Amino acid sequence: MKLTLCRLLPALVLPLLACSTEPSDPGPVEYPETRQVDQVDDYFGVEVADPYRWLEDLDGEETAAWVAAQNAVAEPFLAALPGREAIEERLSQIWNYERWSTPGKWGKRYFYNRNDGLQDQSVVYVAESMDQEGDEPPGRVLLDPNTWSQDGTVALAGFAPSRDGRYVAYAQSDGGSDWRKWKVRNVESGEDTGDLIDFTKFTGVSWMPDNSGFFYSRYPPREDDPTRGDGAKAVSAYFHALGTNQSEDRLVFSQPEHPRRNPYASVSEDGEYLLVNLQEGYLQNAVHYRRIDEPDSAIRPLLDQWDALYSYLVNIGSVFLFETNKDAPRDRIVAVDVNDVSAEANPTLHEVVPEAEDTLSYASAVGGKLVLNYLHDARTVVRLAEPNGTRPATPAGEVELPGIGSAGGFGGRWEDPETYYSYSSFGTPSQIYRYDVATGASTLIRRPAIDAELDGYETEQVFFESRDGTRIPMFITHRTGLEKNGDHPTLLYGYGGFSLPMTPGFSSSRLAWLEMGGVLAIPNLRGGGEYGREWHLAGTKLNKQNVFDDFIAAAEWLIAEGYTSSRRIAIQGGSNGGLLVGATLNQRPDLFAAALPAVGVLDMLRYHLPSANARNWSTDYGLSENEDEFRAQYAYSPLHNVHEGTCYPPTLITTADHDDRVVPWHSFKYAAEMQRRQGCDNPVLILVETRAGHGVGKPTSMQIEDVANQWAFAAWAVGLEPSF
């Protein structure tokens, strides 16, 4: 099929292209042919065609040829867009500033990540003190992932110092894969010990206090490929003794009768107990335990009702504190005395910090106090409390933050007198503070210098009604003094899933969009964690349509209030947000001028088949194996709701060939279906990144190139001139 860009709707092209034949005109698009097969599946009497099933063979030669052909169409199109090079150049300038993680203290050493600006991967430093002044970062380089590969695609994917800071276990990810290989480095010498742990995904490492080894979780080795574990089989927890081969690691906990339950073992704050957190999905978990000094005793249930989420914070002797949403949709802190636990593992929960009107996002225990990070209408508020055993905690003040934004960090140990936190907002790059727990004093230790004017923008928080009348908050950022003339190019970004809140934070890429004159709008959709468990559940399974309704209502509100118009709105989202964009694009193609679904979950009927990990998403999505959930999925699944002859807006689908979290065939199949059924000349492109995955660990250079492609495409489609 051949498409001519000059046949696009005049409202989209006249501001920029005017149907010219100059080099800035991307020119005609001719899609590769995509073979169709006669694959039909029966779901409860409903016959569902899957003509692109062959694209699920990610190692197949035909799939590779299809990807190459699609990239051969997308790459020159994007390269020819007006201002594409200028956008990438400006992104590189904005991105080029020093960035720090919040430091953590282990023993007498401090560890932190630092990126000098355009390094593909951040570097790990270790310091004896954080009091050094001047331009140079304190301490010395401990791990530099930029030396691990020529193209910057081998990334640091996990980091766990021992309690005394003598050793550090660190994980490597190759090409964006979720599979990890763990190694151990002697911090003093800077040399690796030779320990190697393989077959892992999503696991942390928990050291024994005496440095004898650490606990971790892994999949069984795959017989036909010893370099990888088998993601379709059960995860088990192991202990690795330092200086030994992984084949000698001791099995600590396994439940083969429950292959979807993933156990993760960790040592308690005081080093006296082993805790095993059992996870299955995202709605509930269980916690088992035993004493460390009784290695041959059974690991017993502590919280095993599978009725809520429980997150261990600290234990003071036999009293364990947990953050939980048990009988508290917005979370609270409870205490359990292990000396009172019965064989049935149904202990008394003593309320320590009650549920508040604000949502308790997460908590930590440092300096003898509980640090409680709340969300007040998706903005951070940090309060403190002093625990009193199983009795109610005593309020201990509030951390004064610089403004309306997001704060994170506050890690450390129970006896540490200090902790560190970061603060950022839409207009403030992440700043690092030291916090004295006893005095409540915050000291700014790192403020980045960025090559941009940040004072000319303002952020407002508004509220609008969704289709069913639910009140939804939204952050809108734009140039100060914006005139509501109904004609501003607007980027509408959303996620809406897995209880993840969308909070104010700085983004180099979004600043470039604002500098071009665009408006940024981020609604807090149901399915997220802004208002606790009920808000999350209202956007899951049979209620998933609520998320799409919220997103659509956000666009309609922006239009009604005079910010923009349907010919000026570009929608963007990644992963679960890619599903959001695909579903709303299908349902309301008239409402948007451009769509940017990235690494999206787009085939809802088969998303759970690649691995056990994907199947765990069923707590949000449901399963097509259940009739009511199938019918809900089939009604919105992006792949299955592309309609013949409908005019869809210009769409750029992006994914990566090494994404083993949301496998790229979701995007392959959706792109093929969109290209086949598109009812007008608006382009539908797919760009497939090589040597990249779901996003974590993606080199800076790849990130900049990816954003430049998306911004150039969106700007062209909505009539935004990319000038700086």
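All values reported here derive from a predicted model rather than from experimental measurement.
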Do the non-hydrogen side-chain atoms of L580 and I571 ever get within less than 4.5 Å of each other?
no

Partners passing side chain to side chain contact (heavy atoms under 4.5 Å, CB included) against L58 (at least two apart in sequence or in another chain):
V663, P664, W665, F668

In plain terms, say whether D178 and K201 are close enough for a salt bridge, that is, a side-chain N and a carboxylate O under 4.0 Å apart.
no

We want to know whether Y495 and N524 form a side-chain donor-acceptor pair, criterion being a heavy-atom distance below 3.5 angstrom.
no

Quick check on I404: does its CD1 atom have over 12 non-hydrogen neighbours (other residues, nucleotides or ligands) under 6.0 Å away?
no

R114 and D116 ion-paired at < 4.0 Å:
no

Would you mind reporting whether N115 and W100 have side-chain heavy atoms less than 4.5 Å apart?
no

Taking the side chain as every heavy atom from C-beta outward, state whether R99 and W95 have any pair of such atoms under 4.5 Å apart.
yes

Kindly indicate, with the supporting measurements, whether the criterion ring pair (Phe, Tyr, Trp, His ring centres under 6.0 Å) is fulfilled by F159 and Y170.
CA-CA 4 Å; F159 183 77; Y170 67 97; 8.0 Å; no

Any salt bridge linking E458 with R479? Criterion: basic side-chain nitrogen under 4.0 Å from a carboxylate oxygen.
no

Would you check if Q70 and T34 make a side-chain contact, meaning some heavy-atom pair closer than 4.5 Å?
yes

Quick check: do W148 and T153 have side-chain heavy atoms less than 4.5 Å from each other?
no

Could you grab the distance from atom CD of Q121 to atom OG of S149, nearest 0.5 Å is fine?
7.5 Å

W711 vs W513 side-chain heavy atoms within contact, under 4.5 Å
yes

Distance col, row I522:CD1 vs Q461:CD, nearest 0.5 angstrom, shows 11.5 Å

Parallel, tilted or perpendicular, judged at 30° and 60°: which one describes the rings of F551 and F592?
tilted

Can a salt bridge be assigned to the pair R567 and D487 using a cut-off of 4.0 Å between side-chain N and carboxylate O?
yes

Does NZ or CZ of R510 fall inside the cone over Y493's six-membered ring, less than 6.0 Å from its centre and within 45° of the axis?
yes

With rounding to the nearest 0.5 Å, note down the distance linking CG in L514 to OG in S507.
9.0 Å

pair R568-H488: side-chain heavy atoms closer than 4.5 Å
no

Less than 6.0 Å separating the ring centroids of Y433 and Y421?
yes

Does the plane of the ring in F713 sit parallel, tilted or perpendicular to the ring in F77? Use 30° and 60° as the thresholds.
tilted

Can any side-chain N or O of T428 pair as donor or acceptor with the backbone N or O of S425 at less than 3.5 Å?
no

So do V599 and S667 actually touch side chain to side chain, heavy atoms under 4.5 Å?
no

Does E453 use its side chain to pair, donor to acceptor, with the backbone of D455 at less than 3.5 Å?
yes

Does R677 pair with E673 as a salt bridge, N-O distance under 4.0 Å?
yes

For the pair E530 (side chain) and M502 (backbone), establish whether a donor and an acceptor sit closer than 3.5 Å, ignoring hydrogens and angles.
yes

Output for pair (F475 CZ, L520 CG), nearest 0.5 Å, gives 11.0 Å

